[in-house]
Visitor: 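My structure is below; once you've seen it, I'll send some questions.
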Amino acid sequence: MEGVVHTGTDASAFKECFSLTWKNPYVLRLAFSAGIGGLLFGYDTGVISGALLYIRDDFKSVDRQTVLQESIVSMAVAGAIIGAAVGGWMNDRFGRRMAILIADFLFFIGAVVMASAPNPALLIVGRVFVGLGVGMASMTSPLYISEASPAKIRGALVSTNGFLITGGQFLSYLINLAFTNAPGTWRWMLGIAGLPALLQFILMLLLPESPRWLFRKGREEEAKVILRKIYPANDVEKEIQDLKESVEAEIREEGSAKINMMKLLKTKTVRRGLIAGVGLQVFQQFVGINTVMYYSPTIVQLAGFASNKTALLLSLVTAGLNALGSIVSIYFIDRTGRKKLLLISLFGVAISLGLLAGVFHETTSHSPMVSRIQTSHFSNYTCPDYSSATNPGAWDCMKCLKASSPDCGFCASPTDKLLPGACLLSNDTVKDLCHDESRLWYTRGCPSKYGWLALVGLALYIIFFSPGMGTAPWIVNSEIYPLRFRGVCGGIAATANWISNLIVAQSFLSLTEAIGTSWT
């Protein structure tokens, strides 16, 4: 997911990480327990892409109103913005462990509300609860892992949290596929997230607070007990002294002078850093990554694949490539350099989006025609707009799908989906009649011989995006600011990322309707 802290590290750090955690399973238990938050983060942001296909089938108001679909997706992002802001205060006031426990509680409540939602309004409420948990987990899980792990392997363990996020997204696509034929499809998809949230809640009850937070609160003896479990006996006293000095310096720095926005903007190095850091975070979202993660099955359907199950299966490729890209970035980020990797990434993203735009233009401008003979075969269910059209011979599949009083669908020819088909009323009865004759039923996109090229474009987009624009903006933001301003500037950049994410998620489907898929 493009909305979390990634820490640069290299392959040698991972070898040392495996060696140390094998010798000290306590460290592994700490990191794994907190890392479930990353897995939940990825799962809850990825699962909605597939669930949305079936929510549209169950709630006709959602199918008819694009803004409702966008709200179901984006309200989790809105909740995450609030959760991240409140989470920062909670981390300092009540501790990292308590913040994770509260995030788990919100995850669990959100999962139960979504799974049992009788209407779209309650489903949106559940998404807000999940979003609050996502926002808190996005900052608390890596923070807890970094403060409760040995310095030598800290980067590798925090990076593992990033893998768990992309792994959670991949898992969500697998679970979406597993429940496609189950009764209540989307309810299982959304509700199953309650189980790992409950598991993490129980595990975190058995684990201690972050040693750094305990030192800050004057609870030094408690912190020392934990540090002695984390570090070998010959290193522990030095680590205790280093941590004590670091916390004391941090408290002195905080007390020296308050940081305000005017001071930030008047400091040239900080101002330039903010332009670069915030700019990267905004562009990371505006090049469209989370439209792919939130809407990829819908995009696949727009490219001409009718079946929900096929759309989910093909979308699994993008989730897998995204997870793979986060691993590849570890190898390239230090060898290639941040700037060069970002430029290569953006160049590839632009080419991929150009390919997608061309494919969608061809799909919409060369869709199969509507046949009067094929349509009359379903005489009782003809689309009213088609029946009353002055020139029905000019109607093609795209024009049929744009009919809105009432909504209409395209039933493809039984011999070849690219041949002229029927324009019919869009409802479950007609859909079943169409399927009964071994025809494909289209309501999102139209049959196309170029659909496979859209999948190539999506795959190329992820391959170029994930190792560069996916990880580099977070690494640059962790390095670019003077130490004293790093916390507040990093917070501003992260907030810019979430807000940009919200704008994209809330506008993508509306844009496809207003200006067409190709221009979007």
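Heads up: numbering here begins at 1 and tracks the sequence. Just so we're clear, the structure is a prediction, and the values are computed from it rather than from any experiment.
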Visitor: Will you find, in the side chains of S500 and Q285, an N or O donor that is under 3.5 Å from an N or O acceptor?
Guide: no
Visitor: Testing the basics here: between I462 and P467, what is the closest heavy-atom pair and its distance to 0.1 Å?
Guide: O-CD, 4.2 Å
Visitor: Does I192 reach the side chain of R187, with side-chain heavy atoms less than 4.5 Å apart?
Guide: no
Visitor: Which pair of non-hydrogen atoms, one from I100 and one from S141, has the smallest distance, and what is that distance?
Guide: CD1-CA, 4.5 Å
Visitor: Taking all heavy atoms of A319 and all of Y173, pick out the closest pair and write down the distance.
Guide: CB-CD1, 3.7 Å
Visitor: Any donor and acceptor pair, going by atom type alone, linking the side chain of T185 with main-chain N or O of Y54 inside 3.5 Å?
Guide: no
Visitor: Should E237 and R228 count as an ion pair when the cut-off is N to O under 4.0 Å?
Guide: yes
Visitor: Looking just at side-chain N and O atoms, do E70 and S510 make a donor-acceptor pair shorter than 3.5 Å?
Guide: yes
Visitor: Are L324 and F170 packed together at the side-chain level, in the sense that at least one heavy-atom pair is separated by less than 4.5 angstrom?
Guide: no
Visitor: Is there a side chain to side chain contact (heavy atoms under 4.5 Å, CB included) between F508 and I299? Walk through the geometry before answering.
Guide: CA-CA 11 Å; F508 174 69; I299 294 169; 3.9 Å; yes
Visitor: Just to verify, which of V282, I81, V77 counts as forming a side chain to side chain contact (heavy atoms under 4.5 Å, CB included) with I499?
Guide: I81
Visitor: To the nearest 0.5 Å, how far apart are CD in E222 and CG in L227?
Guide: 12.0 Å
Visitor: State, yes or no, whether a side-chain contact exists between K224 and L214 at a heavy-atom distance under 4.5 Å.
Guide: no
Visitor: Does any part of the side chain of I36, heavy atoms only, come nearer than 4.5 Å to the side chain of L164, both counted from C-beta?
Guide: no
Visitor: Does a side chain donor of either D63 or Q69 reach within less than 3.5 Å of an acceptor in the other side chain?
Guide: no
Visitor: Should the heavy atoms of other residues, nucleotides or ligands under 6.0 Å from CZ of R272 be counted, would the total exceed 12?
Guide: no
Visitor: Any chance the side chains of Y461 and T318 put a donor and an acceptor closer than 3.5 Å?
Guide: no
Visitor: Quick check for you: to the nearest 0.5 Å, what is the distance between T520 atom OG1 and L353 atom CG?
Guide: 11.5 Å
Visitor: Take L123 and W186 through the side chain to side chain contact (heavy atoms under 4.5 Å, CB included) test and state the conclusion after the steps.
Guide: CA-CA 11 Å; L123 182 57; W186 62 269; 3.9 Å; yes
Visitor: Quick one: CG on L312 to CG on L174, what's the gap to the nearest 0.5 Å?
Guide: 10.5 Å
Visitor: Are any non-hydrogen side-chain atoms of Y43 and P196 less than 4.5 angstrom apart?
Guide: no
Visitor: Minimum heavy-atom separation for M469 to L280, with atom names?
Guide: CE-O, 4.0 Å
Visitor: Taking C-beta and beyond as the side chain, do L313 and L177 meet within less than 4.5 Å on heavy atoms?
Guide: yes
Visitor: Do you know which two heavy atoms are closest between A99 and N91, and how far apart they sit?
Guide: CB-OD1, 3.7 Å
Visitor: Determine whether a donor-acceptor pair (N or O, by modelled atom type, separation under 3.5 Å) exists between the side chain of Q200 and the backbone of D104.
Guide: no
Visitor: For N322 and T166, does a side-chain donor sit closer than 3.5 Å to a side-chain acceptor?
Guide: no
Visitor: Could you check whether any side-chain N or O of R127 sits under 3.5 Å from a backbone N or O of A76, counting only pairs where one atom can act as donor and the other as acceptor?
Guide: no
Visitor: To the nearest 0.5 Å, how far apart are NZ in K309 and CG in L53?
Guide: 13.5 Å
Visitor: Rounded to the nearest 0.5 Å, how far does CD1 of I289 lie from OG of S466?
Guide: 7.0 Å
Visitor: Is it true that W213 and Y144 have ring centroids separated by less than 6.0 Å?
Guide: no
Visitor: Can any side-chain N or O of R97 pair as donor or acceptor with the backbone N or O of S210 at less than 3.5 Å?
Guide: no
Visitor: What I'd like to find out is whether the side chain of L122 reaches to under 4.5 Å of the side chain of N119, using heavy atoms alone.
Guide: yes
Visitor: Donor-acceptor pair, distance only, cut-off 3.5 Å: does the side chain of N501 make one with the backbone of N497?
Guide: no
Visitor: Between I55 and I48, does a side chain to side chain contact (heavy atoms under 4.5 Å, CB included) hold up when you go through it step by step?
Guide: CA-CA 9 Å; I55 292 167; I48 197 63; 4.3 Å; yes
Visitor: Can a donor-acceptor pair be found, under 3.5 Å and without considering hydrogens, that links the side chain of E209 to the backbone of R96?
Guide: yes
Visitor: With a 3.5 Å distance limit and no angle check, can you tell me whether T291 reaches the backbone of G288 through a side-chain donor-acceptor pair?
Guide: yes
Visitor: Per the ring pair (Phe, Tyr, Trp, His ring centres under 6.0 Å) rule, what does the pair list look like for residues 79-106, sequence neighbours excluded?
Guide: W89-F94
Visitor: Has N290 got a side-chain atom pairing as donor or acceptor with M293's backbone, closer than 3.5 angstrom?
Guide: no
Visitor: Is a donor on one side and an acceptor on the other found under 3.5 Å between the side chain of K217 and the backbone of G95?
Guide: no
Visitor: Would you say S246 and R212 are linked by a side-chain donor-acceptor pair, where the criterion is simply a distance under 3.5 Å?
Guide: yes
Visitor: When you compare the side chain of I124 with that of L68, does any pair of heavy atoms fall below 4.5 Å?
Guide: yes
Visitor: I need the M204 CE to I102 CD1 distance, nearest 0.5 Å.
Guide: 12.0 Å
Visitor: Are F179 and W188 an aromatic pair, judged by ring center distance below 6.0 Å?
Guide: yes
Visitor: Please confirm whether the backbone N or O of A323 pairs with a side-chain atom of Q169, one donor and one acceptor, at under 3.5 Å?
Guide: no
Visitor: Over all heavy atoms of both residues, which pair between N176 and S49 is shortest? Give the atoms and the distance, please.
Guide: ND2-OG, 4.4 Å
Visitor: Kindly determine whether M90 and T140 satisfy side chain to side chain contact (heavy atoms under 4.5 Å, CB included), including the steps that lead there.
Guide: CA-CA 10 Å; M90 277 189 146; T140 310; over 6 Å; no
Visitor: Would you please say whether a donor-acceptor pair under 3.5 Å links the side chains of Q241 and E245?
Guide: yes
